[in-house]
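Atoms considered below: every heavy atom in the structure, side chains included; atoms not considered: hydrogens, waters and symmetry mates. For clarity, every value in this text was computed on a predicted model and none was experimentally measured.
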Amino acid sequence: MPLQRSDLPAQVLDLLAAGTVIPAHPLALDAGRRFDRRRQRALTRYYVDAGAGGLAVGVHTTQFAIRERGLYETVLGAAIEDQRAWTGRPMAMIAGLCGPTAQARAEAQTAVGLGYHAGLLSLAAVATASEDELIAHCEAVSREIPLIGFYLQTVVGGPVLSSDFWRRFALLPNVLAIKVAPFNRYRTIDVVRALVDARAEERVFLYTGNDDHIVLDLALPFSAMRDGAPVTVRFRGGLLGHWSVWTSSAVAQLAQIKAELAANGGTLSPALLALDSRVTDCNAAFFDVANNFHGCIAGCHEVLRRQGLLEGIWCLDPQEGLGQGQAAEIDRVYRLHGDLGDDAFVRDNLARWLA
């Protein structure tokens, strides 16, 4: 049966509205590039115990190629099974959706059948369509599951979308949120303007996917004009590949931001604002910015491998691995920003997660 926003548990809606940490779930493989069920379970347990408010599965960080390997339902099923077995607290379970309309709708139906709450809709596969065609595509998929829009950066296949597109998207009744991830300030503000123009800023939640600007997206107010007056909106939380690593630290950072904003009338200390550049420096290494994001998945795998959560950094595509010099960059980040990590947390719990 199709899932509507009104069907969602109130606790899940409240969680998303308040703002939370949603890691993009990686894919654990063994040396033969086969699905490693034990390590996948350990990752899910790690994110739950780290305090994540949700999981995004079947997204870019999970590797889109799971679909070609017939693993889409297997991987989504494993994540929600392991999440439910490990905790009774509510978590927002987000399924990645992609492909032409028929494929995306079928994936949405699979996700609903497994118990997922929303679909993160990638438009990369239909990037050459007109905006009218894209809206029709989104509307068709939204009949199956509440949608989270995904403004994907162009370097990994996302189309450039106008503010008017996002206004029309926000007006679709079964839209839940927008993940803003163009890695571009101008396009980020386009989405803010769209939300205000649609008068949807209370109904459609903004989540940052700008892995290059995490802290400031969460910390700063964004204003757009409506009826001659400024309307201020904020990013509620983040749905991020970057948060697939050092996750308990990310949870602590979001909590610190929220606490300071509440205590100081919406302002943050210079020290917390300055954290943005340190987190972005880490992201440059993890996402392999020097090689145009070639190793953006393998870099996160490498951090998880160093912690013992993954056995190796293998991806489904043998050509996908660390970029030139990326390992040294990750060494540098560990040396300079190790206090932002959560290696001790992982070390104290790893045996339990792998059990």
Pairs where [range] contributes a residue and the test ring pair (Phe, Tyr, Trp, His ring centres under 6.0 Å) is met, not counting sequence neighbours:
| range | value |
| --- | --- |
| residues 14-54 | H25-Y47, Y46-W353 |
| residues 259-299 | F183-F293, H242-F286, W246-F286 |
| residues 248-273 | none |
| residues 206-227 | F222-F235 |

Counting only N and O atoms by type, is there a donor-acceptor contact under 3.5 Å from the side chain of [X] to the main-chain atoms of [Y]?
| X | Y | result |
| --- | --- | --- |
| N174 | S142 | yes |
| E311 | D30 | no |
| R33 | C315 | yes |
| T280 | S277 | no |

Does a donor on one side chain sit under 3.5 Å from an acceptor on the other, for S163 and D197?
no
Quick one: do [X] and [Y] make a salt bridge, cutoff under 4.0 Å?
| X | Y | value |
| --- | --- | --- |
| R278 | D281 | no |
| D190 | R187 | no |
| D164 | R193 | no |

Residues two or more places apart in sequence or in another chain: which of them pass salt bridge (charged side-chain N to carboxylate O under 4.0 Å, His left out) with [X]?
| X | value |
| --- | --- |
| R335 | none |
| R168 | D132 |
| R306 | E302, D331 |

Scan [range] for pairs that pass side chain to side chain donor-acceptor pair (under 3.5 Å), counting only residues two or more places apart or in two chains.
| range | answer |
| --- | --- |
| residues 262-271 | E260-S269 |
| residues 146-162 | E131-S162 |
| residues 312-330 | E329-R332 |

Check for me, please, whether L171 and F150 land in the same ILVMFWY cluster - side-chain distances under 4.5 Å, paths through other members count.
no
Please list, chain by chain and in numerical order, all residues satisfying side chain to side chain donor-acceptor pair (under 3.5 Å) with R38, sequence neighbours excluded.
none
Residues at least two apart in sequence or cross-chain that pass side chain to side chain donor-acceptor pair (under 3.5 Å) with N291, listed by chain then number, are D288
